[in-house]
There are 2 protein chains.
Amino acid sequence: MSQHRHGSTPGEAGGVPAFPDLPEATIARLPEYLRALHHLAETGAETVSSEGLAAAAGVNSAKLRKDLSHLGSYGTRGVGYDVTLLVDQIEYILGLDKNRAVCLVGVGNLGHALAGYAGFASRGFRVVALFDADPKKVGERINGLTVQHIDELDRVAAEESIAIGVIATPPGTAQAVADALVAAGVTSILNFAPGVLAVPPNVDVRKVDLAIELQILSFHEHRKASLTALPGGRTAEADNQEAVGS
Amino acid sequence: MSQHRHGSTPGEAGGVPAFPDLPEATIARLPEYLRALHHLAETGAETVSSEGLAAAAGVNSAKLRKDLSHLGSYGTRGVGYDVTLLVDQIEYILGLDKNRAVCLVGVGNLGHALAGYAGFASRGFRVVALFDADPKKVGERINGLTVQHIDELDRVAAEESIAIGVIATPPGTAQAVADALVAAGVTSILNFAPGVLAVPPNVDVRKVDLAIELQILSFHEHRKASLTALPGGRTAEADNQEAVGS
DNA sequence: CGCGATTTGTGCACGCCTTCACAAGCGCCT
DNA sequence: AGGCGCTTGTGAAGGCGTGCACAAATCGCG
Ligand SMILES: NC(=O)c1ccc[n+]([C@@H]2O[C@H](COP(=O)([O-])OP(=O)(O)OC[C@H]3O[C@@H](n4cnc5c(N)ncnc54)[C@H](O)[C@@H]3O)[C@@H](O)[C@H]2O)c1
Ligand SMILES: NC(=O)c1ccc[n+]([C@@H]2O[C@H](COP(=O)([O-])OP(=O)(O)OC[C@H]3O[C@@H](n4cnc5c(N)ncnc54)[C@H](O)[C@@H]3O)[C@@H](O)[C@H]2O)c1
């Protein structure tokens, strides 16, 4: 240990304000560091060097150090970072110590999988409510929760202080669901439906679109194929496209 | 500079090489433009202005024009962009005209939902094989496909020319699955298991981690709460946890 | 045929992010 | 106590991405 104020309240050590405004790019990487740190903690490591943690998180070590330096000075030169201290610090910054309440709207194919996913609870979130518009779905029990009708959203959101909503409904209804969530006081939305959502400026939206991810991969496939074929001839890729019927 | 040759082979018009090296940021947005264009095409629009398309895709119009300019000169000043021409062009660049074969490994909670997802086929991909290591899963039929044992991966990948693999197995086995995919000739991986995958440099990996998305949202919740709390009031946030000392 | 309205394509400046390189700080060993 | 090796934290430089602002190009119309 050192004469740093270790062990004090997270977010109040060092000379850094309780809420530094971190670069977006840094914020996006903190969860990755956190996951790597949890993994390290399980293996019994007490400290970790920037080099080691960077490797575990798949980033450059200089980038990691700069990211962490934005949180304050929580490392010890010549030694590294205290794992549990850093975990607490990152969890505090990310607001994960609040055990945030999350609701899920749309218990279909995808929503069903999400509702049963254990990875939310283990990483700081509680799924506290499931909603659907289909009367046949309402009442169904999944993983200890009962699916409620979307009309209950306002009431339940207020009761449970839900600030984060997940949309897993068809694209056509996503905007309406988003509007309902906003009206119910939700200020952060994770959207799985393809398309752009319009929301007030105080509401944050992140989207996950699997087709987009695949299309980006497809581009790189295309690029790789065209590189190996550069001499200007036909590529081995061209014969792949045929109707497949089904 | 050069005569336009609209209607000719995609990728060979204008004075732009068949494969311009696009900025990563542009590549990531092309799928969004493509989705917006498909939507416009369904509504019967023949042309669209950069302003209109940008709004539909949720970006700045200057950014959109710059992105599209990298593909070549496919707009008409004073008019806008020809919708179907632009669709063809973007699909060509992304390599979607190849109707790429995709395999899915891990038919559990999430994998089951993915296997039944219609959004892949409609956006340029064919899911041609499902794999799992659990003998109880092997043989199960989902959406017209039969789950095969992971040991069949090599054979099937070769037969079907699979270049893209999706990993939906538990985190502990993700690296082993990735290794198997690479050994089978897959050069692009979409990974749903939390964690970092090590792959050869010629293989592209994209990851989707829902917990990370939620944690980023959580950070902004935390930030928003601390901002509104600055004037000295207590916030709704503080009661879930113990008070913040000092 | 020429003119004004419209919209693209892009040069440019600015800010963010990444990466390098190294001084400062820390612990350990002698 | 002092020196040595290791690691953090950061100044500086370079690259990338964004958005503005405008010239060039095209169309419609009188
Ligand atoms: N299934 C996947 O693997 C997958 C993958 C990527 C993206 N998506 C996207 O996720 C969304 C859901 O996909 P899915 O396969 O689960 O579809 P789904 O049709 O199986 O489920 C949609 C559910 O939403 C409910 N719903 C519809 N309108 C509603 C409303 N207004 N309020 C509340 N609930 C409503 C429906 O009753 C249904 O239960 C879609 O937008 C899809 O494009 C799905
Ligand atoms: N369920 C979700 O909503 C969700 C959300 C986000 C991320 N994830 C992640 O996706 C992954 C899958 O989640 P899940 O809920 O579907 O888990 P799951 O346990 O339901 O399914 C995993 C499947 O993978 C199979 N499997 C295990 N080892 C394998 C191997 N070596 N080769 C082939 N198949 C193998 C298992 O037999 C099982 O069928 C996990 O890494 C999870 O963290 C899931």
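So that the names make sense, note that chain A is the first sequence line, chain B the second, and so on, each numbered from 1.
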> Is the side chain of B/T173 donor-acceptor paired with the backbone N or O of B/A176 at a distance under 3.5 Å, no angle test?
Replying inline: no

> What do you reckon, are the aromatic ring centroids of A/F19 and B/F219 less than 6.0 Å apart?
Replying inline: yes

> Below 4.0 angstrom from OP1 or OP2 of C/dC17, is there any side-chain N or O of A/N60?
Replying inline: no

>> What contact category does B/E51 fall into here, base, sugar-phosphate, or nothing, at under 4.0 angstrom with non-hydrogen atoms?
In response: nothing

> Base, sugar-phosphate, or nothing for A/A25, non-hydrogen atoms under 4.0 angstrom?
Replying inline: sugar-phosphate

>> Looking only at side-chain N and O atoms, does B/Y33 offer a donor or acceptor that is under 3.5 Å from a partner on B/D67?
In response: yes

> Taking NZ, NE, NH1 and NH2 as the nitrogens, is one of them in B/K98 or B/E91 under 4.0 Å from a carboxylate oxygen of the other?
Replying inline: no

>> What is the distance, to the nearest angstrom, from the NE2 atom on A/H70 to the P atom on C/dC16?
In response: 11 Å

> Is there a side-chain polar atom (N or O) of B/T76 under 4.0 Å from OP1 or OP2 of D/dT26?
Replying inline: no

>> From the set C/dG25, C/dT19, C/dG9, return the single nucleotide nearest to any side-chain atom of B/S69.
In response: C/dG9

>> Taking A/G95's backbone N and O only, do any of them form a donor-acceptor pair with A/R100's side chain (distance below 3.5 Å, no angle check)?
In response: yes

> Can you tell me if the side-chain N/O atoms of B/S50 get under 4.0 Å from OP1 or OP2 in C/dT8?
Replying inline: yes

> Between atom CG in B/L71 and atom C1' in C/dG9, what is the gap in whole Å?
Replying inline: 13 Å

>> Output the rounded distance in Å from CZ (A/R65) to P (D/dT7).
In response: 10 Å

>> Can you see if the side chain of B/K66 gets near the phosphate of C/dT10 - specifically, an N or O under 4.0 Å from OP1 or OP2?
In response: no

> When you match A/V79 and A/A62 each to their closest nucleotide on DNA chain D, which lands nearer the 5' end?
Replying inline: A/V79

>> Rounded to whole Å, please give me the gap between CG in A/D82 and P in C/dG27.
In response: 13 Å

>> If we ignore hydrogens and angles and just use 3.5 Å, is the side chain of A/K224 paired with the main-chain N or O of B/N202 as donor and acceptor?
In response: yes

>> Measure CG/B/D67 against P/D/dT18 and give the value in whole Å, please.
In response: 7 Å

>> Using the side-chain heavy atoms of A/K63, tell me which of these nucleotides is nearest: D/dG17, C/dT10, C/dT19.
In response: C/dT19

>> I need the CG-P distance between B/D21 and D/dG17, as an integer number of Å.
In response: 11 Å

>> So, does A/S49 get its side chain near the phosphate of D/dT7, meaning an N or O under 4.0 Å from OP1 or OP2?
In response: no

> Starting at the 5' end of DNA chain C and moving along, which residue's nearest nucleotide shows up first, A/E24 or A/R77?
Replying inline: A/E24

> In whole angstroms, how far is the P atom of D/dG19 from the CG atom of B/L64?
Replying inline: 12 Å

> If you check every side-chain atom of B/S73, which of C/dG9, D/dG19, C/dG25 has the closest atom?
Replying inline: C/dG9

> Closer than 4.0 Å, any side-chain N/O of A/Y81 to the OP1 or OP2 of C/dC26?
Replying inline: no

>> Any side-chain N or O of B/R29 below 4.0 angstrom from OP1/OP2 of D/dT18?
In response: yes

> When the distance from CG of A/L68 to P of D/dT7 is rounded to whole Å, what number comes out?
Replying inline: 16 Å

